[in-house]
Protein chains: 2
Amino acid sequence: MKTINLTTQRQAVYDIVRDAADHPTAADVMNRLVERGHSFAYGTVYNSLRYLTDKDMIRELKLGETASRYDARTDDHQHIVCEVCGKVDEVTTAIPEEWLARVAEETGYEVEGAHIVVEGVCAECRSKRKK
Amino acid sequence: MKTINLTTQRQAVYDIVRDAADHPTAADVMNRLVERGHSFAYGTVYNSLRYLTDKDMIRELKLGETASRYDARTDDHQHIVCEVCGKVDEVTTAIPEEWLARVAEETGYEVEGAHIVVEGVCAECRSKRKK
DNA sequence: ATTTCAATTTAGAATAAGTATAAATCTATT
DNA sequence: AATAGATTTATACTTATTCTAAATTGAAAT
């Protein structure tokens with residue numbers, strides 16, 4: 001199924017995720033839609049997010065919080081979360097293939113990929129902490 | 001707080017997690033408690049799991065499913081999930097420090113650690129698939 | 001232009017996982 | 001035995017998400 005049917009609602013949801021500087025949750029997307037003058041049903045936002053995810057236009061991130069976040073960058077990359085302020089940033093440094101190979105060897109699995117959530121303290125929070 | 005107060009319920013919950021060959025969810029723990037003749041309140045099971053986690057006797061795993069899983073191995077290690085059957089296995093091959101250092105450099109974060117969920121197909125599912 | 005049919009949206013109910021609360025119970029100490 | 005503190009229980013609540021059935025939309029066929 002290569003055809004993509006971008007309805008008004010799906011396009012609007014996509015625009016929010018694409019324009020976001022952060023990694024919004026479904027609730028964030030909902031709020032920002034309202035700010036832009038839309039008022040779609042909750043179910044529609046979830047449906048749209050799933051549709052866009054299925055079509056590989058966005059990615060769903062499960063970073064260990066209760067709510068999923070969404071990311072318009074669909075290329076292979078990881079994430080880092082600030083333990084202090086909760087900010088999420090991208091990690092593009094690729095996972096060493098060699099490590100994956102060793103994991104495959106250890107477990108007997110055929111390894112497809114890995115989801116990594118790095119934890120740390122962001123630059124801003126570190127400079128605040130010093131005081 | 002080094003003192004650990006293992007009530008009957010906490011001990012029973014701990015026993016379930018320690019004896020488990022898999023990585024049970026809270027609901028799994030609940031069911032296995034019933035199998036062993038216990039009948040604790042749901043809240044008590046959650047409280048006990050949190051207590052044991054706080055005391056570092058077990059670990060809470062967030063593997064991207066809706067429910068948390070629990071692991072009696074508390075040493076630093078990662079997990080691999082079979083995309084076919086859902087099985088979860090341990091990964092003890094450590095992520096290279098050098099990779100974490102490069103992530104710190106890329107992001108400007110002080111890196112504390114990483115949660116990794118590797119995805120793949122386990123040996124059993126692969127041999128079944130071949131047929 | 002009208003009918004038709006599938007896809008989509010809507011509003012609201014339902015579900016799943018986990019947390020909060022207040023009363024009851026247990027446990028250790030005086 | 002009396003008190004106090006911690007824990008458990010039952011139940012209500014919250015949050016994130018999915019489901020459902022009816023209404024709406026939009027494209028294709030008449």
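Reminder, nothing fancy here: chain letters follow the sequence lines and each chain counts from 1.
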Starting from [atom2] on [N], measure out to [atom1] on [X] and report it in whole angstrom.
| X | N | atom1 | atom2 | result |
| --- | --- | --- | --- | --- |
| B/Leu6 | C/dC26 | CG | P | 19 Å |
| A/Gln11 | C/dT8 | CD | C1' | 16 Å |
| A/Leu33 | C/dT9 | CG | P | 12 Å |
| B/Glu60 | C/dA17 | CD | P | 14 Å |
| B/Glu65 | D/dT18 | CD | C1' | 17 Å |
| A/Leu61 | D/dA16 | CG | P | 16 Å |
| A/Ile4 | C/dT8 | CD1 | P | 12 Å |
| A/Tyr46 | D/dT17 | OH | C1' | 5 Å |

Fill in: Single-linkage hydrophobic cluster, 4.5 Å side-chain cutoff, B/Tyr42 and B/Leu52 together
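Yes, same cluster.
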Worksheet item: Where the side chain of A/Thr66 is concerned, which of D/dA16, C/dT10, D/dT9 is the nearest nucleotide?
Response: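 It is D/dA16.
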Fill in: Listed once per pair and sorted, the salt bridge (Lys or Arg N to Asp or Glu O under 4.0 Å) pairs that draw on residues 82-97 of chain A, sequence neighbours left out
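Applying salt bridge (Lys or Arg N to Asp or Glu O under 4.0 Å) to every pair that reaches into residues 82-97 of chain A, excluding sequence neighbours, yields A/Lys87-A/Asp89, A/Lys87-A/Glu124.
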Item to complete: Could you tell me whether A/Ser68 contacts a base, only the sugar-phosphate backbone, or nothing, with contacts defined as non-hydrogen atoms closer than 4.0 Å?
Response: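 Sugar-phosphate: the residue A/Ser68, judged by heavy atoms under 4.0 Å, touches backbone atoms but no base.
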Discussion item. Any base atoms under 4.0 Å from B/Tyr42, or only sugar-phosphate, or nothing? Heavy atoms, all strands.
Written reply: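 B/Tyr42: no heavy atom of the nucleic acid under 4.0 Å.
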Worksheet item: Would you call B/Asp71 and B/Arg73 a salt bridge, using N to O less than 4.0 angstrom?
Response: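 No.
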Item to complete: Using modelled atom types only, decide if a donor and an acceptor are shared between the side chain of A/Glu106 and the backbone of B/Thr93 within a distance under 3.5 Å.
Response: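 Between the backbone of B/Thr93 and the side chain of A/Glu106 there is a qualifying donor-acceptor contact (under 3.5 Å).
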Discussion item. Under 3.5 Å, is there a donor on one side chain and an acceptor on the other for B/Thr25 and B/Asp28?
Written reply: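 Result is yes, a qualifying pair exists.
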Worksheet item: Can you find a side-chain donor-acceptor pair between B/Glu60 and B/Ser68 that sits under 3.5 Å?
Response: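 Yes, because at least one side-chain N or O of B/Glu60 sits under 3.5 Å from a partner of the opposite role on B/Ser68.
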Worksheet item: ring-ring contact (aromatic ring centres under 6.0 Å, His included): which pairs involve residues 49-83 of chain A, sequence neighbours left out?
Response: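 Every pair satisfying ring-ring contact (aromatic ring centres under 6.0 Å, His included) with a residue in residues 49-83 of chain A: A/His23-A/His79, A/His77-A/His79.
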Discussion item. Taking the nucleotide of DNA chain C with the nearest heavy atom to each, does B/Asn47 or B/Ala67 sit closer to the 5' end?
Written reply: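 Nearest-nucleotide comparison on DNA chain C picks B/Ala67.
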Worksheet item: Pick the nucleotide of DNA chain C nearest each of B/Thr8 and B/Arg69; which residue has the one closer to the 5' end?
Response: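 With B/Thr8 and B/Arg69 compared, the 5'-side residue is B/Arg69.
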Nucleotide N/O to protein N/O under 3.5 Å, stretch nucleotides 3-7 of chain D:
residue, atom, partner, partner atom, Å
D/dT7, OP1, B/Asn5, ND2, 2.8
D/dT7, OP1, B/Arg10, NH1, 3.0

